[in-house]
Amino acid sequence: MSEKLKIKLSIADRVYPLTIDPSQEEGLRKAAKNIEQLAKKFEQSYAVRDKQDVLAMCALQFASKIEQRGIDQSEGTLNATERLKALDDLVSSKLGVK
């Protein structure tokens with residue numbers, strides 16, 4: 001059983017103490033850094049000062065990327081399935097398999 005690690009992450013001028021598995025530390029720190037960078041970008045680009053609005057915009061940005069990746073993967077899987085079926089049909093027709 002691995003020992004838990006206590007870390008503190010700063011997001012939107014607030015510090016969040018967390019107790020995590022050591023294997024999660026790098027991902028959480030990178031995620032917090034990405035949120036901070038995106039929040040700063042939104043604050044500068046759109047003159048948004050309310051942290052809740054900035055964080056909501058960050059959440060929407062990250063969630064939409066995840067959803068789009070899922071859509072893209074579904075389309076890619078469908079395309080691959082169609083191509084495999086066409087290949088199977090071609091091989092079957094050349095081998096005389098019905």
Side-chain angles (χ1 to χ4, degrees):
M1 193 181 284
S2 67
E3 194 70 26
K4 295 290 185 177
L5 181 64
K6 293 184 179 194
I7 65 170
K8 292 181 181 179
L9 296 178
S10 176
I11 301 172
D13 300 329
R14 286 192 181 183
V15 175
Y16 296 91
L18 301 171
T19 303
I20 61 166
D21 288 324
S23 62
Q24 295 177 300
E25 182 180 13
E26 182 179 2
L28 286 168
R29 290 196 186 279
K30 283 183 177 182
K33 183 177 179 181
N34 288 338
I35 292 168
E36 281 292 310
Q37 288 173 343
L38 188 57
K40 184 179 279 188
K41 178 182 167 187
F42 283 138
E43 286 175 333
Q44 291 170 349
S45 298
Y46 301 108
V48 178
R49 293 289 173 232
D50 185 347
K51 292 291 184 185
Q52 184 173 349
D53 290 339
V54 170
L55 290 174
M57 292 168 68
C58 289
L60 179 61
Q61 178 93 7
F62 289 123
S64 68
K65 283 183 181 180
I66 291 168
E67 291 299 325
Q68 190 60 49
R69 237 182 257 133
I71 291 167
D72 293 345
Q73 287 176 350
S74 294
E75 290 172 356
T77 300
L78 181 60
N79 186 18
T81 301
E82 289 172 355
R83 292 176 67 193
L84 285 172
K85 178 152 180 15
L87 182 59
D88 184 51
D89 292 345
L90 179 63
V91 169
S92 294
S93 70
K94 297 296 181 188
L95 293 175
V97 179
K98 292 188 178 190

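Just so we're clear, the structure is a prediction, and the values are computed from it rather than from any experiment. Worth knowing before you read on, the calculation uses all heavy atoms, side chains too, and leaves out hydrogens, waters and symmetry mates.
Connection of Val15 to Leu55 is not established within any shared hydrophobic cluster, with ILVMFWY side chains joined at heavy-atom distances below 4.5 Å, either directly or through further cluster members. By the rule that hydrophobic residues join a cluster once side-chain heavy atoms approach within less than 4.5 Å of another member, Phe62 and Leu28 end up as members of separate clusters. Cluster membership check: Ile11 does not share its hydrophobic cluster with Ile7, using side-chain heavy-atom separations under 4.5 Å among Ile, Leu, Val, Met, Phe, Trp and Tyr.
Among residues two or more places apart in sequence or in another chain, the salt bridge (charged side-chain N to carboxylate O under 4.0 Å, His left out) test is passed with Lys85 by Asp89. Remark: Glu67 pairs with no residue by the salt bridge (charged side-chain N to carboxylate O under 4.0 Å, His left out) rule, at least two apart or across chains. The side-chain hydrogen bond (donor to acceptor under 3.5 Å, both in side chains) check on Lys6 picks up nothing, with sequence neighbours excluded. Partners of Lys65 by salt bridge (charged side-chain N to carboxylate O under 4.0 Å, His left out), not counting sequence neighbours: none found.
Ion pair Lys30/Glu26 flagged as a salt bridge, since at least one NZ, NE, NH1 or NH2 atom sits closer than 4.0 Å to an Asp/Glu carboxylate oxygen.
Taking every heavy atom of both residues into account, Cys58 and Ala39 meet most closely at SG-N, 3.6 Å.
By the 6.0 Å contact criterion, OH on Tyr46 is open, its count of non-hydrogen atoms from other residues, nucleotides or ligands being 12 or less.
Pairs of residues two or more places apart, or lying in two chains, that qualify as side-chain hydrogen bond (donor to acceptor under 3.5 Å, both in side chains) and include a residue from residues 14-25 are Lys4-Asp21, Glu25-Arg29. Among residues at least two apart or in separate chains, side-chain hydrogen bond (donor to acceptor under 3.5 Å, both in side chains) pairs with a member in residues 51-62 are Asp13-Lys51, Glu43-Lys51.
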- Using the side-chain hydrogen bond (donor to acceptor under 3.5 Å, both in side chains) rule, take Asp72 and Gln68 through it: C-alpha gap first, then chi angles, then the decisive distance, then the call. CA-CA 6 Å; Asp72 293 345; Gln68 190 60 49; 2.9 Å; yes
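The CD atom of Gln37 sits 11.0 Å away from the CD1 atom of Ile35 when rounded to the nearest 0.5 Å. The OG atom of Ser10 sits 13.5 Å away from the NZ atom of Lys33 when rounded to the nearest 0.5 Å.
Looking at Met57 and Leu60, their side chains never come closer than 4.5 Å, going by heavy atoms from C-beta outward. Residues Glu75 and Asn79 form no side-chain contact, since every pair of their non-hydrogen atoms from C-beta on lies 4.5 Å or further apart.
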